[in-house]
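Predicted model only: the values in this text are computed from it and were never measured.
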Amino acid sequence: MGFDGKRAANNLTGLGNYSRSLIEQLANQFPDNQYLVYTPKVKAAKQIDAFFEQPNIELKLPKTGPFLWRSLNILKDLNQDGVQIFHGLSHEIPLAIQHTRIKSVVTIHDLIFLRFPQYYKFIDRKLYEWKSRSACERANQIIAISEKTKADIVDLYGIDPAKITVIYQSCDDSFKSPFAKENLSRIKATYKLPEKFILSVGTIEARKNLKLVVQALKEVDEAYKLVVIGKHTPYFKTVEQEIERLGLKNRVLFLQNIPFADLPGIYQMADVFAYPSFYEGFGIPIIEALYSAVPVVAATGSCLEEAGGPNSLYVSPNDAGALAKAINRIIESPQLQKEMKAKGLEFVQKFNSPVVTQQLMDCYLNMFSQ
């Protein structure tokens, strides 16, 4: 099997984690196959090095030089390497792959650039649309990471729903086991974490809607602080101004460049996880929170109910009062906390790696019986 490894070999967050995790789980669960990862370049990083050290995962660099390789010249390499299935892990597959004997799959994470065009530069939007629409039309099979994304592909690209399989994402296995007390104490001291806190994880950009969490914080018990983990964008200034305006400077802690190994520990110490994003393809941070036994409050309007399940709480992404009310409901009721933690953990098992990986392999095998 061949995979577009651009993200797996170069990104340390989001799509990089998704790509590495998917290939690793396949390699572990179905070790008899050979997993070839095609990329024009590789970033030097511990996570990426460890990924390529696994016995049946093999790095494939261009034989003909990187120019146009991922979209065109790669086909020659795929044929020479005897690849039977090629999986484009993020919205694109090589041009003309439909004219070869290789079966192709493309994962579509979201079409946010069409639903919320204001968040994207015009040229980026057009490029994303052309690549993803073309891949959807040419691939043998499309994987959507949520029912919401599937509905968007059908609605915006006019694709036959029978060609689309919904396969949810899991999160890294490190979120699935409680950390030892000593480890939690070390993490707490290292990042000066407060005693009680609401957690928000994700790039600090307008779509993720952190400003709403800040506005809600004003109406939440002062003993609770807000811990924010995420890369800064220009929107950070807007959030900072809101914190200043509401006099909340001493109640918000921003953390950046947290080692991935410490992240599950920070989740496990949180009292509530808040994720009022306007639009997502799926929402992996919600899965991470549920596995960490943290009650979740998320936004209505995209696919977050699919990720959070029936026992998380949901509010409008425009209603700070409702978000504050939901957070207060949780922190004021130990019984509700207990229930949300237990039922959240039960619900999130449907996204467990072995389940998702088996669905993926079934999807691959079905292409050969069509």
Side-chain angles (χ1 to χ4, degrees), residues 116 148 193-230 235 238-254 266-280 282-348:
F116 285 83
K148 185 67 185 169
L193 294 172
E195 249 341 285
K196 299 174 171 181
F197 65 92
I198 296 146
L199 180 63
S200 170
V201 176
T203 303
I204 300 167
E205 59 184 337
R207 178 172 56 85
K208 301 281 188 188
N209 205 15
L210 179 61
K211 186 175 160 188
L212 195 86
V213 188
V214 169
Q215 290 167 340
L217 186 68
K218 184 76 179 161
E219 308 303 320
V220 170
D221 181 345
E222 280 187 15
Y224 290 83
K225 298 195 173 175
L226 172 62
V227 174
V228 180
I229 299 174
Y235 171 75
T238 310
V239 175
E240 225 175 15
Q241 284 162 2
E242 195 66 6
I243 291 167
E244 198 72 55
R245 188 181 73 80
L246 295 170
L248 294 171
K249 219 163 181 312
N250 61 350
R251 285 184 67 193
V252 184
L253 172 65
F254 288 99
I266 299 174
Y267 269 94
Q268 287 168 27
M269 287 183 273
D271 294 277
V272 177
F273 183 75
Y275 201 70
S277 175
F278 283 107
Y279 212 84
E280 294 292 327
F282 181 51
I284 280 192
I286 289 179
I287 304 295
E288 293 169 345
L290 294 178
Y291 268 118
S292 306
V294 182
V296 168
V297 183
T300 54
S302 62
C303 63
L304 299 181
E305 292 99 326
E306 287 182 63
N311 295 99
S312 295
L313 301 183
Y314 303 96
V315 299
S316 157
N318 297 302
D319 193 339
L323 180 57
K325 208 183 245 177
I327 291 169
N328 286 329
R329 239 186 95 193
I330 295 167
I331 62 181
E332 287 163 10
S333 170
Q335 183 52 42
L336 180 61
Q337 290 165 33
K338 198 174 155 194
E339 203 174 291
M340 286 179 79
K341 288 176 184 186
K343 290 189 171 166
L345 259 173
E346 198 180 307
F347 171 78
V348 84

**Complete:** Applied to residues 288-311, the salt bridge (charged side-chain N to carboxylate O under 4.0 Å, His left out) test, sequence neighbours excluded, yields none
**Prompt:** How close do Ala326 and Val297 get, heavy atom to heavy atom, and via which atoms?
**Reply:** CB-CG1, 3.9 Å
**Request:** Would you please test Asn318 and Phe278 for side-chain contact (heavy atoms from CB on, under 4.5 Å) and show each step?
**Result:** CA-CA 9 Å; Asn318 297 302; Phe278 283 107; 3.3 Å; yes
**Item:** Qualifying ring-ring contact (aromatic ring centres under 6.0 Å, His included) pairs, either residue in residues 307-339, two or more places apart
**Value:** none
**Message:** Run the side-chain contact (heavy atoms from CB on, under 4.5 Å) test on Leu193 and Leu253 for me, step by step, so that the C-alpha distance in whole Å, both residues' side-chain angles and the decisive distance to 0.1 Å come before the verdict.
**Reply:** CA-CA 8 Å; Leu193 294 172; Leu253 172 65; 4.3 Å; yes
**Prompt:** What closest approach, in Å, do Leu212 and Pro276 show between heavy atoms, and which atom pair accounts for it?
**Reply:** CD2-CB, 3.8 Å
**Pairs satisfying side-chain hydrogen bond (donor to acceptor under 3.5 Å, both in side chains), at least one member in residues 319-339, at least two apart** = none
Validation: residues 242-249 side-chain donor-acceptor distances under 3.5 Å, sequence neighbours left out:
from   : atom 1 : to     : atom 2 : distance (Å)
Glu242 : OE1    : Arg245 : NE     : 3.3
Glu242 : OE2    : Gln215 : NE2    : 3.0
Glu242 : OE2    : Arg245 : NH2    : 2.7

**Test side-chain contact (heavy atoms from CB on, under 4.5 Å) applied to Ala223 - qualifying residues, sequence neighbours left out** = Lys196, Asp221
**Asked** Where the side chain of Asp271 meets the backbone of Phe197, is there a donor-acceptor pair that is under 3.5 Å apart?
**Response** yes
**Prompt:** Do you know which two heavy atoms are closest between Ser312 and Leu290, and how far apart they sit?
**Reply:** OG-CD2, 3.9 Å
**Fill in**
So salt bridge (charged side-chain N to carboxylate O under 4.0 Å, His left out) across residues 203-212, not counting sequence neighbours, yields Glu205-Arg207, Arg207-Glu280, Lys208-Glu280
**Asked** For Tyr291, what residues pass the ring-ring contact (aromatic ring centres under 6.0 Å, His included) criterion, not counting sequence neighbours?
**Response** none
**Message:** Could you work out, with ring-ring contact (aromatic ring centres under 6.0 Å, His included) as the rule, every residue matching Tyr224, not counting sequence neighbours?
**Reply:** none
**Request:** Apply side-chain contact (heavy atoms from CB on, under 4.5 Å) to Leu313 and Val315, showing your working.
**Result:** CA-CA 7 Å; Leu313 301 183; Val315 299; 5.9 Å; no
**For Tyr267, ring-ring contact (aromatic ring centres under 6.0 Å, His included) partners two or more places apart** = Phe175, Phe273
